[in-house]
Amino acid sequence: MSGSRPIRVLNVAEKPSVAKAVAGILSRNRGLRVRDGRSRYNRIFEFEYTIRSQACHMLVTSVTGHLMELDFDERYRKWYSCDPSDLYSAPVRKHVPQDKVDIKRCLEEEARKCQWLILWLDCDREGENIAFEVVEVCTAVNHHLNIWRARFSALIDREIHESVQNLVRPNQLFADAVDARQEIDLRIGASFTRFQTMLLKDAFVLDFAGDEKNLVLSYGPCQFPTLGFVVERFWEIQSHEPEEFWTINCSHTSDEGIATFNWMRGHMFDHTCAVIIYEMCVEEPTATVTRVRNQEKLKYPPYPLSTIELQKRASRYFRMSSEHTMKVAEELYQAGFISYPRTETDGFSVNTDLHAIAREQQGHPLWGSYAQQLLDPESGLWRNPGSGGHDDKAHPPIHPTKFSTGESRWSQDHNRLYELVVRHFLACVSQPAVGAETTVEIDIAGELFSASGRVIVAKNYLDVYRFESWGGSMIPNYLFGQQFVPTSLTLDSGVTRPPPLLSEADLLSCMDKAGIGTDATMHDHIKKLLDRFYATKDTNTRFSPTNLGEALVMGYDEMGYELWKPYLRSMMECDMKAVSVGTKRKAEILETCLQQMKACFLDAKSNKVKLLEAMEIFFERSNRGGGVRDEQHDVGQVVRSCGSCHQSDMVLKRKPDGNFMVGCLHFPQCRNVVWLPGGISEAAVTSQICNSCTPGPVFKIQFKFQRIAIPHHYNVDHLGCIGGCDDTLKELIEICGTGPRNPVITPARGRRPMEPSSNAQRGTTRQSACVHCRQTGHSSNDCPSQISDSRGSQRGRRLSLQNRTTTLSCNACGEPCIFRTANTANNRGRKFYKCQREECNFFVWEDSIDNNDTGGGRARSPPSRGSRGRGRGEGRSAPNVSFVTATGEPISGRRCFICGDPSHFANVCPNRG
DNA sequence: GCAAGGTC
């Protein structure tokens, strides 16, 4: 690296702001020239500089993130160009998309005239991959380029000058890891998205989307686990089984005030035990103070602000969506008011001049005086901030970069977010809040109770961080050994509540913990759930799955695949790490991962009936699934596998002339076909499987005939089988023919299509027995034994729910009850009804209901613990009387233990001492 | 019309 003639050095950063900062720092803003490039955002900065005695004419420009995209070869881009399983081996290539061509040309023009190329991309794996994209473009026009990488962790003077004097070579392994990630994401995403969209979109009435034609049912390794979190919590809430618990509360009023003591056992689920203990306390109610503890407690300010924390706090404090937060933060960043908003880093580098950042805020009308106090050494308020231990080696934590009292163009959300960034910064360089906490423990008849109070001694950071509070209350003074009689001692009941729906902050935490997405993309994945109609968000920023979202997760869950769980992404992340440190090769992980995923895809495809069944729970079948629009391109619904060529499926299709047929997908190589009768107006494949035709499964078809086309004694609606067992269908074919094309039933390959194959059960009666219970009168799919024996699976639960919803109404409010399966350790698999109103706690076990009480009547009162096989009443029938708790909720089979009156509990007994 | 990751 020596020589006296200046060399031309092309410097490329990941984004325009970094190019500007690097040029400013290196040139010290002396002799710095700026000119426009071909791309309007990516300007070129020029100045003279010396790198290790080598005079350099520096040109600093930028890209805007990735320069290239990965996609399939043209031949595979159209959705119907191939089977989606081919996408695991279809050739892929990187190309520069149209909107990046200007940047590419600019790099080419400059690279031709340069000797060196220095890459200033972010120092993470994606940055390294972008570096190689830049290298590819530049070396294509100049093979002699000397290629260097600048490593820096923050855009501060010392870092930048040091990094340019200590250039290294780019790291191919980091870039390889990203290449592998891109290819896996593309192949998995495209194959599953095409598969499930083509399978389900036209098979069901999905009218919520407005424009059904453009509906895409996407699958992605990040969006699906995100959906999984939402569905899982929803299911957890649905299967929650409320349990009664009991607790003893004690209070003491004195001249100094009121102290509320909590029972140190917390909640007790055994009523008998609770009553016995309560009785003991009531009989010997004198309390003795056994412990008085005074302690200093500190409440620490938050760590410096990372992107996820910004999103979580903006959601919590202002109810802003993560997507909107990022949009506003991006605008504040572009205008220079805050630092780069996409960062994982939650600790400041020791080189950062934190005092300078605080000094800038001294003039603000709201928090300026706090900033002044903070900077005054006398106050002792300043504290060097802690670190959460995350560092993306590319960006500092989010902090204010320019003072503002609010700009005229700013919306309320701009003001709020800027305020949050500033207050958060000032808070994290402040001393923690200090509190004095007092805890008093008392003993009543051997039972321990405790009360605590807190006084804030010094608010410190809480003075500026108005978003957080530290609640506390005073309690009277107590002395060790002091005795008193409580003012009140009550036995109170309550019920356990399910957890709440996931909030946006919860969802971000789940994703962060499982490594789903990056700081720059997590909000995109959340938004995608809403855009794809997989989930909805209520005004409280809490997420629920839609029917579509729940059905998709349920379908894959029923297949036994955890494609909706975060494990796949975690596994991929481990592989990426292995590639980036050189313990595995890119080709190796690509091969194993894609092989596994292809096997999984093929299995999912062969189990698609599970997806269809899950969808059927929520959606009506549509009559568009038979390939109405485009015979060549529409795959149709599968009826059975082809018994002729054994290579493909037989699918239901509608010909352009309106008549239906079931033909082999391997046409024209295989010409196996079943022509269906004329006069059919609608036909759709159901998930019901014929239990006599073989080889199975043969799915039954729901037909709708034109009234005018069939004799009056035939029903226009007919659930038929094309496997050969369906005599009614045969008769209708005889009567109606198969349309103008085939006036006579023409068997393919010389066999009559409606005949069962040679090894079929010939002569099966039309009313065949259910395979599950051996009874006639219903199909195996409708078998009641299957509905109630659903093994607690999600699908079983929903089926039960659908079939049983209206059979009971709530005793408390009269609303219908829903039928569920318990999933708790003690009652797993046990069925119960719960009031459909979430806020109503009424529930009743199915096995405690009188047999003659289920026909649309009202449910009995909730059973006593005796009927649940636990507690005092075990093996005893509960007396049929009504009791109420202190809040008036009815509970059966109880009697006041003080006076024996069945109309109330002891805690509200008038005879209580 | 598919993914996720950069970024404007």
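Residue numbering restarts at 1 for every chain, and letters A, B, ... go by the order of the sequence lines. In what follows, every heavy atom counts, from backbone to side chain, and hydrogens, waters and symmetry copies are set aside. All values derive from a computational prediction rather than experimental measurement.
Here B/dA4 presents its C1' atom at 15 Å from CD1 of A/Ile526, a figure rounded to the nearest Å. One interatomic measurement links the two molecules: NZ of A/Lys100 to C1' of B/dT7, which rounds to 6 Å at whole-angstrom precision. What separates CG of A/Asn129 from P of B/dA4 is a distance of 17 Å, to the nearest Å. Rounded to whole Å, the distance from OH on A/Tyr41 to P on B/dT7 is 15 Å. When rounded to the nearest whole Å, the span between CG of A/Leu227 and P of B/dA4 equals 12 Å. Computed from coordinates, the A/His523 NE2 to B/dG6 P distance equals 11 Å when rounded to whole Å. What separates CE of A/Met326 from C1' of B/dT7 is a distance of 11 Å, to the nearest Å. The interatomic distance linking A/Ile184 (CD1) with B/dC2 (C1') rounds to 17 Å, in whole Å.
Using a 4.0 Å heavy-atom criterion, one finds that A/Lys528 contacts the sugar-phosphate atoms exclusively. Across all strands shown, A/Gly517 has heavy atoms under 4.0 Å from sugar-phosphate atoms exclusively, and none from any base. Residue A/Ser191 is classed as having no contact, given no heavy-atom separation below 4.0 Å to the nucleic acid. Residue-level contact check: A/Asp71 touches the bases, meaning some heavy atom is under 4.0 Å from a base atom. Contacts of A/Asn42 with the nucleic acid, taken as non-hydrogen atoms under 4.0 Å apart, are absent. Contacts of A/Ile188 with the nucleic acid, taken as non-hydrogen atoms under 4.0 Å apart, are absent. When heavy atoms are screened at a 4.0 angstrom cut-off, A/Pro16 is found touching the sugar-phosphate backbone but no base atom.
Closest contact between the side chain of A/Ser218 and the listed nucleotides B/dT7, B/dA4, B/dC2 involves B/dC2. The side chain of A/Lys15 approaches B/dT7 more closely than any other nucleotide in the set B/dG1, B/dT7, B/dA4. For A/Arg569, the listed nucleotide lying nearest its side chain is B/dA4; candidates were B/dG6, B/dA4, B/dC2. When distances run from any side-chain atom of A/Tyr340 to the nucleotides B/dG5, B/dC2, B/dG6, the shortest one goes to B/dG6. Across B/dA4, B/dG5, B/dT7, the shortest atom-to-atom separation from the side chain of A/Glu126 is found for B/dG5. In the set B/dG5, B/dC2, B/dG6, B/dG5 carries the atom at the smallest distance from any side-chain atom of A/Arg181.
The aromatic rings of A/Phe224 and A/Tyr219 are tilted relative to each other, their planes meeting at an angle between 30° and 60°. Ring geometry, A/Trp120 versus A/Phe152: the interplanar angle falls from 30° to 60°, so the pair is classed tilted. Ring geometry for A/Phe337 against A/Tyr418 counts as perpendicular: the plane angle is over 60°, on a 0 to 90° scale with 30° as the lower cut. Note on ring orientation: taking the six-membered ring where Trp is involved, the planes of A/Trp410 and A/His414 are parallel (angle under 30°, cut-offs 30° and 60°).
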| salt bridge (Lys or Arg N to Asp or Glu O under 4.0 Å) evaluation trace for A/Lys327 with A/Glu323 | CA-CA 6 Å; A/Lys327 187 171 171 283; A/Glu323 193 235 347; over 6 Å; no
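Position along DNA chain B of the nearest nucleotide to A/Lys201 versus A/Met68 favours A/Lys201 as the more 5'-ward residue. Each of A/Arg532 and A/Tyr333 was assigned the nucleotide of DNA chain B with the nearest heavy atom; the assignment lying further toward the 5' end belongs to A/Arg532.
The phosphate of B/dG5 (OP1 or OP2) has a side-chain N or O of A/His525 nearer than 4.0 angstrom. Remark: A/Arg342 is in phosphate contact with B/dT7, judged by side-chain N or O atoms under 4.0 Å from OP1 or OP2. At B/dG1, none of the side-chain N or O atoms of A/Thr193 fall inside 4.0 Å of OP1 or OP2 (strictly under the cut-off). The side chain of A/Gln182 contributes no N or O atom lying less than 4.0 Å from OP1 or OP2 of B/dA3.
Ring centroids of A/Tyr556 and A/Tyr561 are separated by 6.0 Å or more, keeping the two rings apart.
In this structure, A/Lys598 is not positioned above the aromatic face of A/Tyr88 in the sense of NZ or CZ being under 6.0 Å from the six-membered ring centre and within 45° of the axis.
Here A/Tyr219 does not count as stacked on B/dA3, because the ring centres are not under 5.5 angstrom apart with planes under 30°.
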